[in-house]
Amino acid sequence: MSLGRCATLLLAVALLAGGCASAPPAVGATDASGVATGAAAPAPRNPVDPWEPFNRRVSAFNDAVDDAVLRPLATAYRDYVPSPVRQGMGNLFGNLGDVWSMANHLLQGKLHSGLDMGMRVLTNTLFGLGGLLDPATEAGLQRRSEDFGQTLGRWGVGPGPYVVLPLLGPRTVRDSFGFVVDRQFDGSRLFDSEATSYAYTALELVYTRSELLATTSLLDQAALDRYTFVRDAYLARRLDQVYDGAPPLEIFDDTDAAPAANPPATPGAGRPPAPVVR
């Protein structure tokens, strides 16, 4: 089974399980005085994270897999693979990813940046040994990554609820479907051999995880609630990416704080001052 099909299956399982994640309210609950109140009122749900109980369980599972497998592999990769080799692999992964980024720039109607990304791919492919080197950055052609989730957001598709997928990590519903499309154009698709394709994906995953070792170490030390911190950071970052660093301002409803349009009259209000009698 291909990784794209696995992602589709995992997304379906996540959405199905998310709908069943909340326990039904207890029947026969009593108040402080011991009087039966019938069904207990359910706790209010976070509108951006209605599947939080399920998401927390999946997040804990992903953290356990990361601690047992991914983090040790990434640490060994960082410590034992020479830096020039790691840099070359990162350049190669980035150059192949830039092809799909270019396509998403164009799909979003951003012609100028799409052409810049095309020039970046062409420069690194021709003059960077197929992408192992990165002369495009030195020439001022900066990487501006885009994915299909951003493209959907650009054309008005809302993010939907936050969801944590097994082994794939935090997403929104929109970004989950975008990820399935992204996988169809991943660099691993260039290889005819399925074994080589999986090896490429595994190496890319280990490389990406090695680049995040310092970040996750800081997160472990600083975050009081790791789940909430990761969720809020992910949603803020995706909002910033969809709007190219200029998300719309949030509008707050302050009608309750506004003064009354017609305040009640007070005795003597609006009358001229009484004349002074000498």
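When reading the values below, keep in mind they use all heavy atoms of this one structure, side chains included, and skip hydrogens, waters and symmetry mates.
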Legend entry - Hphob cluster co-occupancy, Val99 + Phe93, side-chain heavy atoms under 4.5 angstrom: no

Legend entry - Pi-cation contact, Phe179 with Arg171 (under 6.0 Å, within 45°): yes

Legend entry - side chain to side chain contact (heavy atoms under 4.5 Å, CB included) assessment of Glu194 paired with Tyr198: CA-CA 6 Å; Glu194 196 166 290; Tyr198 284 137; 3.5 Å; yes

Inset, instruction - Among Arg174, Gln241, His105, find the one that has a side chain to side chain contact (heavy atoms under 4.5 Å, CB included) with Gln150. - result: Gln241

Legend entry - Common cluster, Leu152/Trp100, ILVMFWY with side-chain heavy-atom separation under 4.5 Å: yes

Inset, instruction - Report yes or no: do Ser59 and Arg231 form a side-chain donor-acceptor pair below 3.5 Å? - result: no

Inset, instruction - Check whether more than 12 heavy atoms from other residues, nucleotides or ligands sit under 6.0 Å from atom CG of Asp192, and answer yes or no. - result: no

Inset, instruction - Apply side chain to side chain contact (heavy atoms under 4.5 Å, CB included) to Tyr234 and Tyr162, showing your working. - result: CA-CA 9 Å; Tyr234 175 83; Tyr162 178 76; 3.9 Å; yes

Inset, instruction - State plainly whether one hydrophobic cluster holds both Leu219 and Tyr227, where clusters connect Ile, Leu, Val, Met, Phe, Trp and Tyr through side-chain heavy atoms under 4.5 angstrom apart. - result: yes

Inset, instruction - Go through Asp63 and Arg71 one step at a time and tell me if the salt bridge (Lys or Arg N to Asp or Glu O under 4.0 Å) criterion holds. - result: CA-CA 10 Å; Asp63 289 343; Arg71 191 192 297 251; over 6 Å; no

Legend entry - Side-chain donor-acceptor contact under 3.5 Å, Asp220 with Ser217: no

Inset, instruction - Give a yes-or-no answer on whether the side chains of Glu146 and Ser101 include a donor-acceptor pair shorter than 3.5 Å. - result: no

Inset, instruction - Give a yes-or-no answer on whether the side chains of Asn55 and Asp49 include a donor-acceptor pair shorter than 3.5 Å. - result: yes

Inset, instruction - Dump the intermediate steps for side chain to side chain contact (heavy atoms under 4.5 Å, CB included) on Arg143 and Asp116, then the final yes or no. - result: CA-CA 9 Å; Arg143 172 172 291 128; Asp116 283 349; over 6 Å; no

Legend entry - Verdict with reasoning, Asn91 to Gln87, per side-chain hydrogen bond (donor to acceptor under 3.5 Å, both in side chains): CA-CA 6 Å; Asn91 291 338; Gln87 184 64 48; 3.2 Å; yes

Legend entry - Phe127 atom CZ, neighbour heavy-atom count above 12 within 6.0 Å: no

Inset, instruction - Would you confirm whether Asn62, through its side chain, and Leu167, through its main-chain N or O, come within 3.5 Å as a donor-acceptor pair? - result: yes

Inset, instruction - May I ask you to test the Leu213-Arg209 pair for a side-chain heavy-atom distance under 4.5 Å? - result: yes

